[in-house]
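Right, one structure below, let's go through it.
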Protein chains: 2
Amino acid sequence: MNLRELSDRLGLSQTTVSRALNGYPEVSETTRKRVQDAATQFGYQPNQRAKSLATGRSMQIGHVIPFSTQHEMVNVVFSDFIAGAGEVYAEHGYDMLLSLVPDDREVEAYSELARKGSVDAVMVHGPTLDDPRIPLLSDLGIPFLVHGRSSAAQTPYHHLDVNNQRAFHRATEFLLDLGHRRIALVNGLEQMDFAARRRAGFIEALRKRDVLPDAGLMSSAEMTEFSGYDAAQQMLGRDAPPTAFIASSIVPAMGIRRALEERGLVMGKDVSIICFDDEISYLPNGRSEPIFTATRSSVRAAGRRCATHLISIITEAPDAPINEVWEAELVLGNSTGPAPAAH
Amino acid sequence: MNLRELSDRLGLSQTTVSRALNGYPEVSETTRKRVQDAATQFGYQPNQRAKSLATGRSMQIGHVIPFSTQHEMVNVVFSDFIAGAGEVYAEHGYDMLLSLVPDDREVEAYSELARKGSVDAVMVHGPTLDDPRIPLLSDLGIPFLVHGRSSAAQTPYHHLDVNNQRAFHRATEFLLDLGHRRIALVNGLEQMDFAARRRAGFIEALRKRDVLPDAGLMSSAEMTEFSGYDAAQQMLGRDAPPTAFIASSIVPAMGIRRALEERGLVMGKDVSIICFDDEISYLPNGRSEPIFTATRSSVRAAGRRCATHLISIITEAPDAPINEVWEAELVLGNSTGPAPAAH
DNA sequence: CTGGATGTCCAAAGCGCTTTGAGGCTGGGA
DNA sequence: TCCCAGCCTCAAAGCGCTTTGGACATCCAG
């Protein structure tokens with residue numbers, strides 16, 4: 001059933017039927033009603049391809065996800081983010097176009113998506129310190145929003161980020177207040193902007209208290225359970241092992257906890273752990289009370305908010321860039337306690 | 001840059017340029033070369049919307065994901081599956097259209113997607129025992145493939161599934177062979193086809209050895225860490241606690257392990273655990289050797305395979321239904337051992 | 001009775017591509 | 001010299017929708 005068939009059957013022109021269905025005022029309410037009833041009766045649904053060709057809008061928003069054989073691909077955080085974004089898209093009649101590409105072709109993928117015209121906007125995930133996608137997308141002239149930030153970017157761009165630096169600053173201060181001095185940082189990959197900022201916050205807090213950052217107590221890797229475990233194992237084997245860990249996510253924190261358990265160390269007593277908690281739906285940080293003390297910010301809520309912003313960028317084309325920064329909460333769990341007295 | 005501009009600039013007709021770019025034989029190689037060079041030089045990319053209107057194919061494949069506030073939404077397994085499928089789509093020039101809808105509107109979402117014509121096919125996730133989407137999609141006449149099975153379906157349909165029944169049969173037999181008699185099943189939601197089949201395999205294996213299934217040792221819930229923990233806590237508190245658990249996934253298995261640890265029970269010695277391992281990329285079951293003894297089948301590989309099949313269904317429209325069933329491996333880890341002697 | 005509002009509806013021109021059916025060139029055989 | 005393959009290229013008709021620029025009644029004030 002297409003528009004012509006429907007209008008023929010109603011004895012109306014295509015124009016009138018189209019207007020009736022799209023809520024234009026030039027059509028009488030009785031006619032509109034008649035058209036709508038017929039549409040539902042025959043299960044008429046305008047062809048999206050034709051519609052988007054005519055309107056010039058695809059009603060689709062692109063998300064490009066790089067994958068490679070070595071990295072974790074669709075990472076944990078990502079799937080909660082798109083859950084949030086997807087809800088908002090659905091509410092506004094948009095669909096999400098997911099494009100998985102080998103990570104060496106990621107940049108091409110964006111320009112292809114933009115030039116093909118299959119999306120009205122794109123969401124940028126996981127920005128690095130100096131992310132090439134930002135100038136690229138600016139040049140292409142396609143609306144985009146960055147989840148995170150790219151500190152070295154020269155031109156303004158829309159983004160929403162968590163105040164990662166402040167979050168890790170606070171976490172570090174909190175541990176210092178508990179008397180910890182040998183604090184380990186189990187960070188994400190530091191070419192990522194968020195990881196670099198977290199490290200900056202960590203170091204800044206140490207410096208303020210005249211604690212020298214120790215390179216042996218800082219690691220940087222993908223945020224997996226094993227990378228957390230490995231880092232903890234290695235650091236706990238040192239002469240002067242850390243009495244506390246700050247982890248980039250709940251996943252490596254679980255690895256750290258496993259390393260503690262293996263050594264018979266009690267979390268929150270012998271060794272403290274703080275992590276960043278993205279409130280991942282299927283890896284919640286406890287129920288009534290948190291397992292890990294954590295700096296917390298919901299990535300799903302961020303997805304919702306980013307989607308809302310992106311849609312408004314498409315429809316309203318604001319000239320002032322959106323630069324929203326969320327503060328993470330610091331929630332107390334059972335994984336932290338005073339530094340054990342030195343032997 | 002559109003086709004007309006490009007052809008004007010080349011002094012050729014739109015037809016010739018289109019044919020040259022799409023590899024038709026009616027155009028000389030020298031012309032083709034000239035056209036291709038110009039296309040890359042000007043960054044010409046055919047407008048996907050116009051192309052799909054003209055060809056009647058959208059080069060997009062739809063995935064509908066239901067969400068609700070109570071359930072886990074984009075679940076763990078799902079994100080690895082789409083990673084696999086997305087790779088294959090990319091290789092074949094397809095994009096993935098993700099549609100998140102409230103779960104009470106899931107069925108509508110499919111028919112809307114089909115009638116709108118924004119996808120050439122859809123992938124069906126998480127089929128229930130008698131899934132309404134299968135007759136619906138058959139009626140709509142849109143190509144589709146089911147990841148899993150729907151046992152009560154009346155008509156044939158394309159699907160790829162793991163032999164869940166056999167996998168849990170083997171796992172149960174393995175525990176019986178180790179002398180376990182009080183074996184608990186921590187299953188997924190049993191309206192899901194896969195969970196029902198797993199339960200059937202479990203019960204069948206017990207029956208064969210004349211072990212009476214105990215309703216108190218079977219639970220059914222969403223596959224979260226907490227649901228595993230809760231089930232284990234409750235069962236271990238019984239008069240005759242289980243000596244072994246079979247878990248639906250590595251996630252609840254982690255919850256079970258936590259419950260054991262809390263009670264000072266040693267996994268693989270006091271209590272055994274077997275789980276189904278979907279080889280989720282960021283929750284791997286150990287590295288050199290598995291943590292959990294498990295029935296294993298890669299969900300990412302399944303995603304790849306499903307995508308390959310679905311594309312061939314689109315392009316070749318086979319009349320024989322694809323019914324592929326994979327056998328899960330049984331891999332030995334450290335989580336299982338002989339049943340402890342009765343006191 | 002006429003003129004302009006007002007309210008309804010319509011024909012036709014795109015949107016940018018693919019594809020059909022035909023036409024122009026070239027060269028070799030009659 | 002002429003003609004017909006064989007090779008290249010083209011004009012134009014869709015694909016199914018939106019949207020512009022009217023047209024045709026109907027109605028009321030002048």
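Bear in mind that the values here come from a model prediction, so they are computed numbers and not experimental data. We name chains A, B, ... by the order of the sequence lines, and we start the count at 1 in each one.
Recorded end-axis angle for the helix from C:dG4-D:dC27 to C:dA30-D:dT1 stands at 80°, based on five pairs per end and rounded to 10 degrees.
Going from atom CZ of B:R19 over to atom P of D:dA11 covers 14 Å, rounded to whole Å. Here the P atom of nucleotide D:dC15 and the CE atom of B:M59 are 21 Å apart, to the nearest Å. In this structure, A:R57 atom CZ and D:dG16 atom P are separated by 23 Å, rounded to whole Å. Between the C1' atom of D:dC17 and the CG atom of B:L53 lies a distance of 8 Å, rounded to the nearest Å. Remark: P of C:dC15 and NZ of A:K116 are 22 Å apart, rounded to the nearest angstrom. In this entry the distance linking CG of B:N2 with C1' of C:dT18 reads 14 Å, nearest Å. Per the geometry, CZ belonging to A:R115 stands 16 Å off P belonging to C:dG16, to the nearest Å.
By the salt bridge (Lys or Arg N to Asp or Glu O under 4.0 Å) test, B:E29 pairs with B:R32, sequence neighbours left out. Partners of A:E26 under the side chain to side chain contact (heavy atoms under 4.5 Å, CB included) rule, at least two apart in sequence or in another chain, are A:R19, A:Y24.
Annotation: proximity of residues 20-31 of chain B to DNA chain D (heavy atom, distance under 4.0 Å) is found for B:E26, B:V27, B:S28, B:T31, numbered in ascending order. The stretch residues 4-16 of chain B touches DNA chain C through B:Q14, B:T15, each having a heavy atom under 4.0 angstrom from the strand. Of the residues in residues 37-52 of chain A, none has a non-hydrogen atom less than 4.0 angstrom from any atom of DNA chain C.
With B:D80 contributing its side chain and B:S281 its backbone, the two residues share a donor-acceptor pair below 3.5 Å. In this structure, the side chain of B:S150 engages the main chain of B:L129 through a donor-acceptor pair within 3.5 Å. A distance-only check finds no donor-acceptor pair linking the side chain of A:R149 to the backbone of A:H159 [under 3.5 Å]. A donor-acceptor pair under 3.5 Å is formed between the side chain of B:D131 and the backbone N or O of B:T128. For A:S18 (side chain) and A:Q14 (main-chain N/O), no donor-acceptor pair under 3.5 Å exists by modelled atom type. Between the side chain of A:H158 and the backbone N or O of A:I322 there is at least one donor-acceptor pair closer than 3.5 Å. Using a distance-only test at 3.5 Å, with no hydrogens or angles considered, a donor-acceptor pair links the side chain of A:N2 to the main chain of A:R4. Side chain of B:Q154 to backbone of B:A152: a donor-acceptor contact under 3.5 angstrom is found. Side-chain atoms of B:D193 come within 3.5 Å of backbone atoms of B:S151 as a donor-acceptor pair (strictly under, hydrogens ignored).
Here the straight-line distance linking atom CZ of B:F144 with atom CZ of B:R133 works out to 10.0 Å at 0.5 Å rounding.
Counting any heavy atom pair closer than 4.0 Å across all strands shown, A:T55 reaches sugar-phosphate atoms only and no base atom.
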Test log, rule side chain to side chain contact (heavy atoms under 4.5 Å, CB included), inputs B:V119 and B:I142: CA-CA 9 Å; B:V119 297; B:I142 188 171; 3.9 Å; yes
